[in-house]
Amino acid sequence: MTTRILMVYKRFERLWHWSQVALILTLLFSGFAVRGIHHLMDFRTAVVVHTTAALALLVIWAFATFWLFTTGDYRHYLPTREGMIAVFRYYTLGIFMGEEHPYHKVFWRKHNPLQAMAYLSLKVILFPAIWITGLAYLTYGFWYGGTVASSPLGWLSDIHVAAAYAILTFVIAHVYLLTTGHSFIAHVKPMITGYDEVDLTPAEEAYLAETRIVPMK
Amino acid sequence: MSGYHSRRIGTRVVAALFGLLLTLSTGPAPADESPSSTGAAANADMNFRLQTEVSPTHHRTQSDTTADHSKFKALQGPFTSGPEVTQACLTCHTEAGHQFMKTTHWTWEYTNPKTGQKLGKHNLINNFCTNARGNEGMCAQCHAGYGWKDETFDFKNQNNIDCLACHDRSGTYYKLPPSNGNKACAVMFEGQKPINWAKVAQSVGRPGRENCGSCHFYGGGGDGVKHGDLDSSLIHANESLDVHMNEKGLNFACTMCHVSHQHQVSGSRYNIDAKDSIGTGKPGIRREASTCESCHGMAPHPKLSIVGNKLNDHVSKIACQTCHIPAMARGGVATKIDWDWRTSGAVDKNGLGYKVDGYKQGNGEERDIYKSIKGTFKYGENLTPHYAWFNGTMNYLTIDTKFDHAKQPIAINALSGSAGDQDSRIWPFKRMHTIQPYDKGNNTLVYMHLWGNSADDKEAYWGNYNMGNAIAAGMKQFNKPYSGEFGFIQTYSYWPITHMVAPKEDALACHDCHAKNGRLKELTGFYMPGRDGGSTWLDRLGLALIALTLLGIAAHTAIRLWSRNEGDHK
């Protein structure tokens with residue numbers, strides 16, 4: 001097993017990640033303005049910004065989903081129990097004792113098991129909850145013909161808002177976890193340059209060196 | 001429509017009368033002015049049924065006709081009276097008389113097909129001058145007929161139809177009350193220039209705003225008094241007052257929207273199409289509709305924009321008027337918002353009634369805040385409407401309705417509709433508050449005999465100022481039970497706001513309603529973003545989750561820092 005520096009976050013992935021960052025922050029801010037949590041944005045502006053950002057994010061998600069399945073990269077998000085306990089132990093105990101992060105990126109598993117689990121639940125629970133309710137809310141004029149008293153908008157918005165609070169919680173934890181293990185910069189840098197240290201088997205190393213399908217330093 | 005009509009008529013007449021009365025009997029300075037020089041036109045509270053201004057350029061009044069009425073032999077005269085002119089009109093317009101006699105402009109009666117209630121000025125009581133019934137000698141100044149002053153009026157004689165009130169385009173036709181009333185009132189009507197009947201007969205055309213407005217702008221007893229969205233400022237409207245009637249723009253006559261069929265004019269307040277579900281309809285479809293949708297369609301906002309799409313979603317729940325008429329009485333003419341009949345009847349040392357100015361309206365004219373014949377008033381301009389769910393049906397308090405005295409203010413025309421009603425939308429209203437007489441023993445409203453048809457009428461309130469007598473006479477005339485004891489009760493009446501449509505830049509903004517203390521804060525029972533979120537249990541839970549996360553992170557960080565220091569010490 002050798003550790004090599006290679007491209008783990010491809011250009012599309014980085015673009016996807018950072019546009020997602022920008023759009024999710026925009027959506028949280030404008031969404032909370034629509035909800036009435038703050039009044040830093042006019043209601044009409046908030047609605048326009050929120051709708052536009054949401055539609056843009058949906059387009060990016062569509063591309064990302066397509067990309068994940070055609071490239072096979074979806075495998076990074078498949079849940080695994082292997083190493084889970086070690087990572088969990090690290091965050092609750094080891095981190096306080098100056099231990100090294102137990103996880104090392106391998107070629108087909110660039111996230112630690114806890115991370116993968118968190119991203120997976122985001123992708124299959126929170127994101128669908130928010131975009132299904134959001135789209136339903138946005139288009140209710142096309143499919144709902146009843147009275148406002150029995151309108152589903154109340155509970156649709158409740159689910160939407162609950163998901164938003166959960167996503168904000170994720171964002172906060174996500175950013176905080178960047179400060180753990182290696183330095184904050186060491187965590188953020190790969191998502192900018194694309195390169196990070198990965199443990200490769202001799203076979204993988206030879207294959208990547210031979211085919212050059214993934215840039216390697 | 002008849003409601004408007006009669007009321008306006010009533011109003012106008014009343015206004016005129018009042019004006020006259022006031023002028024005549026004004027305590028403070030009656031000696032200085034001769035009644036004829038008082039100039040009814042100068043006082044917004046005493047208009048005669050006449051607008052001398054004529055704007056022949058209104059849409060629909062423009063002459064695109066193939067006939068020149070001044071060349072008609074039948075119209076050469078000489079005529080000495082209105083009915084003679086009508087007779088001449090009917091020689092060509094052979095069916096117009098019978099057709100017109102079926103309309104509420106003639107009958108002042110309307111039976112609501114949904115509630116079965118008999119409405120119309122001939123029956124109803126409002127909370128302005130209260131009742132036209134029994135006071136036709138004044139109020140029927142706004143009846144499209146000649147001579148209705150009491151129950152003897154012949155509704156079957158088509159020569160009694162007044163064609164000119166609506167169709168004179170010379171601006172020289174006018175109408176006086178059918179009777180002169182108490183001697184204090186009669187002086188108001190003296191000294192009018194005679195009508196040149198041949199001239200007005202030859203000047204007929206389609207009604208302009210001033211024709212309709214000569215009654216409908218003066219409902220409730222004076223300019224703008226009743227409706228809040230109809231007053232004389234609309235005769236020369238600018239764009240910011242009304243985009244459709246803008247003199248320098250579309251310049252619509254009333255009949256552009258209030259289309260008619262055999263003299264039946266659409267858009268009656270007695271049976272409102274509160275939620276038009278047809279829109280413009282297919283080409284050639286006959287529609288007696290005066291809804292916004294009948295021209296603008298069911299999805300009037302731009303479909304290719306986020307905001308436009310959202311606004312089109314609003315159409316099924318929010319009347320166009322709610323956003324597009326942001327305020328009432330915007331033309332410099334005030335509307336009455338509060339009326340207290342309890343203070344009426346005060347007289348000066350000569351025993352004469354008087355009036356007191358006290359409100360200067362936007363166009364500079366003074367309005368009376370007190371009149372002996374009516375009581376005390378409050379006015380308002382640029383008012384925010386009252387908003388309510390409304391499905392087009394109003395349940396009226398009629399002369400026969402017993403009410404619960406404890407439930408004041410009593411709604412004279414209770415709005416029907418709710419958030420749970422598919423046919424309801426949120427509509428803007430002017431809400432009029434009045435303290436008016438009622439029958440204390442029977443808990444009903446009362447007819448007051450305000451206008452005497454003869455100079456020596458001892459019962460008429462206007463001139464004699466005895467309310468008990470006026471009520472007893474008003475009730476007796478129509479065989480209505482009266483306990484003999486009257487009190488005062490608070491009432492509300494609701495007037496749908498639908499004119500004075502502002503330019504789109506002036507329409508309500510989203511945040512006018514989508515806010516904690518927005519315009520719809522009182523309409524509950526449904527979710528509205530911007531108003532109902534932010535402080536619910538869900539939000540508290542969500543914010544608690546965020547707080548706990550931050551707290552957890554703080555604790556985690558603290559332990560990390562503490563354990564690192566511990567490590568360093570080792």
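Proteins get letters first, then strands, A, B, ... in listed order; numbering begins at 1 in each.
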So with a 6.0 Å cut-off around [atom1] of [X], is the heavy-atom count from everything else above 12?
X	atom1	value
A/Q20	CD	yes
A/I185	CD1	no
A/F63	CZ	no
B/I546	CD1	yes
B/K114	NZ	yes
A/E197	CD	no

**Prompt:** B/Q422 and A/T147: which non-hydrogen atoms are nearest, and at how many Å?
**Reply:**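 So the minimum-distance heavy-atom pair works out to N-CG2, 3.5 Å.
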*asked:* How close do B/P529 and A/F43 get, counting heavy atoms only, and between which atoms?
replied: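 For B/P529 versus A/F43, the nearest heavy atoms are O-CE1, 3.6 Å.
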For the [atom1] atom of [X] and the [atom2] atom of [Y], what is their distance to the nearest 0.5 Å?
X	Y	atom1	atom2	answer
A/R44	B/I306	CZ	CD1	10.5 Å
B/Y527	A/W155	OH	CH2	13.5 Å
A/H39	B/K516	NE2	NZ	6.0 Å
B/D313	A/Y140	CG	OH	4.5 Å
B/F526	A/S151	CZ	OG	10.0 Å

Exercise for the section: Please tell me if the side chains of A/Y165 and B/L543 come closer than 4.5 Å, counting only heavy atoms from C-beta onward. Expected result: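 In contact.
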Honestly, the part of B/L541 sitting under 4.5 Å from a heavy atom of chain A is neither
(message) Ring centres under 6.0 Å, that's the criterion: do B/H556 and A/Y176 meet it?
(response)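 They qualify: ring centres under 6.0 Å apart.
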Taking [options] one by one, which has the highest count of heavy-atom pairs under 4.5 Å against chain A?
options	answer
B/T557, B/D532, B/L550, B/V315	B/T557
B/G552, B/A515, B/G420, B/G525	B/G420
B/S418, B/S424, B/G533, B/S305	B/G533
B/L538, B/T549, B/D421	B/L538

Closest-packed option against chain B by number of heavy-atom pairs under 4.5 Å, given [options]:
options	result
A/I37, A/V148, A/T180	A/V148
A/S157, A/S150, A/G36	A/S157
A/T92, A/L55, A/D158, A/V48	A/D158
A/I95, A/L153, A/T52	A/I95

**Q.** side-chain hydrogen bond (donor to acceptor under 3.5 Å, both in side chains) between B/S535 and A/R35, intermediate numbers included
**A.** CA-CA 9 Å; B/S535 52; A/R35 181 71 178 173; over 6 Å; no
Note to self: Go through it in stages, so that I can follow the logic: the residues are B/N309 and A/F142, the test is side-chain contact (heavy atoms from CB on, under 4.5 Å), and I'd like the CA-CA distance, side-chain angles, deciding distance and then a yes or no.
What the structure shows: CA-CA 10 Å; B/N309 250 304; A/F142 293 102; 4.2 Å; yes
Notebook entry, point to check: Given a strict heavy-atom distance threshold of 4.5 Å, which part of A/Y137 is in contact with chain B: side chain, backbone, both, or neither?
Noted result: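 For A/Y137, the contact with chain B is made by backbone and side chain together.
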Applying side-chain contact (heavy atoms from CB on, under 4.5 Å) to B/H514 and A/V47, what does each step give before you reach the verdict? CA-CA 11 Å; B/H514 290 280; A/V47 168; over 6 Å; no
